[in-house]
Amino acid sequence: MLNKRSFSGWKRFVLCLPVIFVFAHMLPVLELRQHSSVQYQHKEKPKKFDRLVLGPASGEGLPDRLQCQGTKALNKTSRTFPNDSHSEDLVVFVTFFATYNSTVDRRVNGRPVDLVTVGDTSYNKVERSMAILNVFINFIQVTMPQSDVIILTDPASELPVHRDKVTIHPIQGEYSRDLLMLQRIRSYIAFLEIVLEKQSQRQGKVRHYIFTDSDIAVVNDLGQMFAEYSNFDLALTFRNNKEQPLNSGFIAVRGTAEGILRAKAFFQEVLKVYSSKFMKASRMLGDQLALFWVVKSQPSFDVRRFTRREAFIDEIGGASVLFLPCSIYNWTPPEGAGQFHGMPLDVKVVHFKGSRKRLMLESWNFLHSSSSDISDMLCLILKSGRTKYDF
Ligand SMILES: *[C@@H]1O[C@H](CO)[C@@H](O)[C@H](O)[C@H]1NC(C)=O
Ligand SMILES: *[C@@H]1O[C@H](CO)[C@@H](O)[C@H](O)[C@H]1NC(C)=O
Ligand SMILES: *[C@@H]1O[C@H](CO)[C@@H](O)[C@H](O)[C@H]1NC(C)=O
């Protein structure tokens with residue numbers, strides 16, 4: 001036991017070496033676009049950039065990782081299409097979205113504050129989150145054009161989203177800021193109940209559901225996973241992280257009556273654990289801690305599998321749960337240990353967590369304003385993701 005522990009300590013040290021190396025090489029950063037009048041109004045926080053900043057790409061030289069020259073991809077990522085799997089099934093994206101309109105009119109000396117500019121457009125806080133939501137939809141409409149998007153929201157908010165194949169679905173609940181993640185699980189449960197009710201009347205194609213954060217870009221087809229792994233009820237994404245190996249930003253549910261019922265029961269268990277154990281956790285973390293709690297409470301569950309990269313299936317409280325690696329299904333630009341291996345060529349989802357939302361909008365603009373394709377855009381993300389941005 002002791003030996004094993006000191007070995008892993010040693011291993012961790014070795015794993016840190018490339019990190020130090022990479023940071024040392026971040027200093028001569030390359031600015032993609034020069035702004036003539038860059039002024040930092042907040043001198044105390046100079047590290048958050050208001051424009052794209054490119055650093056070195058991680059995973060350089062690794063044979064199965066994306067290789068880049070500038071923002072030109074040397075490998076084409078293995079793009080798949082919804083029609084490749086010969087499956088008639090549809091995938092529906094469901095995202096929970098609540099925004100606060102109170103900041104809209106915050107003005108100092110008659111001028112709006114908190115404005116950020118991306119490309120030719122300036123956004124206040126609410127407009128920023130609306131822009132993220134719209135870009136989330138844009139990516140889906142490019143990579144999975146058959147997919148519908150459903151936005152679960154507060155009946156009190158009037159989301160100005162009028163898009164083809166997008167439905168706003170209001171759900172009664174408590175939308176105060178510190179209860180948002182709790183409300184999100186409640187909304188997922190309420191939504192699955194409605195789907196179950198309607199299902200007996202529905203004929204034809206199976207509709208699978210993928211519940212995601214709205215700060216993700218779907219960069220490849222996701223329909224295949226339902227055929228490739230044919231016997232799961234719901235799917236979660238994992239990474240090698242001791243405290244929070246599961247990320248709640250991507251949860252897939254098989255659209256059969258059985259799958260929906262079991263996923264609903266699973267969410268109800270997560271909700272119960274969240275309400276009883278993690279209400280004091282910071283508002284963004286409670287659901288992930290509850291998710292992990294439910295999974296590791298299964299006596300036979302072996303958490304060591306989170307240290308590997310392969311997908312696996314396990315029974316959790318009566319549901320067959322597929323665990324998918326974050327590196328492919330929930331890839332976040334490099335941060336912390338374990339993320340320095342670059343970008344797999346078959347990456348399907350990029351998650352712009354934390355201070356990376358600007359990069360999500362910039363990536364979309366890049367894809368659309370140039371002759372670049374998705375692989376090139378992934379190079380931009382790979383090189384730029386280490387930077388912290390202003391929103
Ligand atoms: C990706 O491109 C690099 C550079 O051209 C090449 O060495 C590598 O073999 C390619 N990888 C794959 C999987 O094609
Ligand atoms: C699948 O769709 C893509 C893009 O819409 C198209 O280029 C391709 O030819 C289609 N493949 C088949 C087998 O229909
Ligand atoms: C915010 O309020 C304005 C004015 O009432 C309204 O036009 C807009 O649609 C609202 N935005 C959101 C996201 O609710």
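Numbering of residues begins at 1 and proceeds along the displayed sequence. Numbering of ligands and ligand atoms starts at 1, following listing order. All figures in this text were calculated on a predicted structure; none of them were measured in a lab.
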Novice: When you measure from atom 10 (C) of ligand 1 to every protein heavy atom, which one gives the shortest distance, and what is it?
Specialist: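 Atom 10 (C) of ligand 1 sits closest to the protein heavy atom Asn75 ND2, 2.4 Å.
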Novice: Quick one: list whatever passes side-chain hydrogen bond (donor to acceptor under 3.5 Å, both in side chains) with Arg184, sequence neighbours left out.
Specialist: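 So Arg184 forms a side-chain hydrogen bond (donor to acceptor under 3.5 Å, both in side chains) with Asp213, Ser248, Asp287.
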Novice: Is there a protein heavy atom at a distance of less than 4.0 Å from atom 7 (O) of ligand 1?
Specialist: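 Within 4.0 Å: no protein heavy atom nearby.
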Novice: Please name all residues satisfying side chain to side chain contact (heavy atoms under 4.5 Å, CB included) with His169, sequence neighbours left out, ordered by chain then number.
Specialist: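 If we apply the side chain to side chain contact (heavy atoms under 4.5 Å, CB included) test to His169, skipping adjacent residues, the hits are Ile150, Leu152, Ile171, Phe191, Ile194.
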Novice: Do Lys296 and Phe292 form a cation-pi contact, if we require the NZ or CZ to be under 6.0 Å from the six-membered ring centre and within 45 degrees of the ring's axis?
Specialist: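 Flagged: Lys296 positioned over aromatic ring of Phe292.
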Novice: Any ion pair linking Arg207 and Asp148 (charged N to carboxylate O, less than 4.0 Å)?
Specialist: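 Salt bridge between Asp148 and Arg207, a charged N being under 4.0 Å from a carboxylate O: yes.
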Novice: So which heavy atom in the protein is nearest atom 13 (C) of ligand 1, and how far is it from that ligand atom?
Specialist: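 Heavy-atom neighbour on the protein nearest atom 13 (C) of ligand 1: Pro63 O, 3.3 Å.
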Novice: Is it the case that over 12 heavy atoms from other parts of the model lie below 6.0 angstrom from the CD atom of Gln298?
Specialist: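 Counting other residues, nucleotides and ligands, CD of Gln298 exceeds 12 neighbours.
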Novice: Which one holds for Leu345 and ligand 1: side chain close, backbone close, both close, or neither close, with close meaning a heavy atom under 4.0 Å?
Specialist: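 Under 4.0 Å from ligand 1, Leu345 contributes side-chain atoms alone.
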Novice: Among all protein heavy atoms, pick the one closest to atom 5 (O) of ligand 1 and tell me residue, atom and distance.
Specialist: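 Going atom by atom, the protein heavy atom closest to atom 5 (O) of ligand 1 ends up being Leu74 CB, 4.0 Å.
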